[in-house]
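Note sheet for the following structure.
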Amino acid sequence: IWQETMSVNRTKILQNIQKNIQKGNLDKAIKDLQKILEEDPKDIRTLLKIADLQSKKGELEEAIASYKQVAEFYAKDGFFLKSVAVYKQILKIDPSKIDAYVRVADLYVSLGINNDAVAQYNVVVNYFEQHNEFKKALEVLGKILEIDSLNINTKIKEASLLDKTGQTEKAIKILTDLSGDLESSNKQQDLIKVLEKLYLLNPSKTNLCIKVAEYYLKQNQAKK
């Protein structure tokens with residue numbers, strides 16, 4: 001009997017919700033949806049509807065909080081693509097939600113879509129670097145290196161960030177080791193980039209400048 005009563009009540013509430021949405025009474029519709037959610041906190045579709053109406057009503061922070069609950073519910077149940085879609089909805093509302101970019105990247109890693117994950121992480125690294133939060137940028141860059149530890153540009157970026165956080169010696173070691181690997185594999189173009197950065201970090205080593213000049217001459221780039 002209780003279940004039948006609940007079913008009848010739910011049907012009535014849903015009908016009222018639809019009427020209120022059509023009339024533009026979004027506050028009433030949200031309140032009724034919240035009643036349904038109280039009865040069944042795992043009703044993720046209802047929570048998603050609440051988020052949509054909050055967004056439509058202009059209650060953006062409330063909408064973002066609701067969307068985040070939905071996204072994490074999907075992620076917990078292994079529906080990573082659905083979770084990504086909801087986080088992207090959050091970023092449409094507010095592109096400055098940097099934690100959402102990180103979460104999307106983490107979800108892409110779970111899906112094995114590493115190129116997209118790296119792209120999202122790079123957005124965050126660039127944001128932190130632009131805001132002089134170099135330690136945070138380094139932390140996120142570490143996630144990129146876990147995916148692709150051999151990317152030359154990422155290693156150079158790591159060295160640059162280490163230098164900005166006062167870890168110049170560590171940066172020099174990373175680039176020195178990298179230059180040795182590149183020299184032995186004869187990757188001249190990448191080697192030039194690394195040696196130029198290494199010289200900027202260590203300007204007393206004029207032999208580095210000479211070395212770069214010699215490589216440019218081999219490539220018939222006399223002006224450089």
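Bear in mind the structure is a predicted one, so any value in this text is a computation, not a measurement. In what follows, residues are counted from 1 in the order of the sequence shown.
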Scan the side chains in residues 45-55 for donor-acceptor partners under 3.5 Å anywhere in the protein, sequence neighbours excluded, and list what turns up.
residue	atom	partner	partner atom	Å
Thr46	OG1	Asp43	OD1	3.2
Thr46	OG1	Asp43	OD2	2.7
Asp52	OD1	Tyr67	OH	2.4
Gln54	OE1	Ser66	OG	2.8

Review point. Salt-bridged, Lys164 to Glu129, with N to O below 4.0 Å?
Key: yes
Cut-off 3.5 Å, no hydrogens considered: what does the side-chain donor-acceptor table look like for residues 139-149, sequence neighbours left out?
residue	atom	partner	partner atom	Å
Asp148	OD1	Leu150	N	3.3

Exercise for review: Report whether Leu138 and Ile172 are members of the same hydrophobic cluster (ILVMFWY, side-chain heavy atoms less than 4.5 Å apart, transitive linking).
Suggested key: no
Review point. Got a second to check how far Asp94's CG is from Lys92's NZ, nearest 0.5 Å?
Key: 14.5 Å
Practice item. Determine which pairs satisfy salt bridge (Lys or Arg N to Asp or Glu O under 4.0 Å) with at least one residue from residues 210-224, sequence neighbours left out, and list them in order. Key: Glu183-Lys211
Side-chain atoms of residues 111-125: list all donor-acceptor pairs with protein atoms under 3.5 Å, sequence neighbours left out, distances to 0.1 Å.
residue	atom	partner	partner atom	Å
Tyr121	OH	Asp106	OD1	2.4
Asn122	ND2	Val118	O	3.3

**Study point:** Minimum heavy-atom distance between Leu175 and Lys155, given as atom pair plus value
**Key:** CD2-O, 4.4 Å
Review point. Taking NZ, NE, NH1 and NH2 as the nitrogens, is one of them in Glu61 or Lys97 under 4.0 Å from a carboxylate oxygen of the other?
Key: yes
Side-chain donor/acceptor pairs under 3.5 Å, residues 188-205, sequence neighbours excluded:
residue	atom	partner	partner atom	Å
Gln189	OE1	Gln219	NE2	3.2
Lys193	NZ	Asn153	OD1	3.0
Glu196	OE2	Tyr216	OH	2.8

Which pairs would a plain distance check flag for residues 68-79, meaning a side-chain donor or acceptor within less than 3.5 Å of a matching protein atom at least two apart in sequence or in another chain?
residue	atom	partner	partner atom	Å
Glu72	OE1	Arg103	NH2	3.3
Glu72	OE2	Tyr87	OH	2.4
Glu72	OE2	Arg103	NE	2.8

Practice item. Tell me whether Phe128 is reachable from Ile156 by hopping between hydrophobic residues (I, L, V, M, F, W, Y) whose side-chain heavy atoms are closer than 4.5 Å. Key: no
Exercise for review: Inspect the contact between Lys173 and Asp177 and indicate whether a charged nitrogen and a carboxylate oxygen are less than 4.0 angstrom apart.
Suggested key: yes
Review point. Closest approach of Leu217 and Ala222, non-hydrogen atoms and distance?
Key: CD2-CA, 4.3 Å
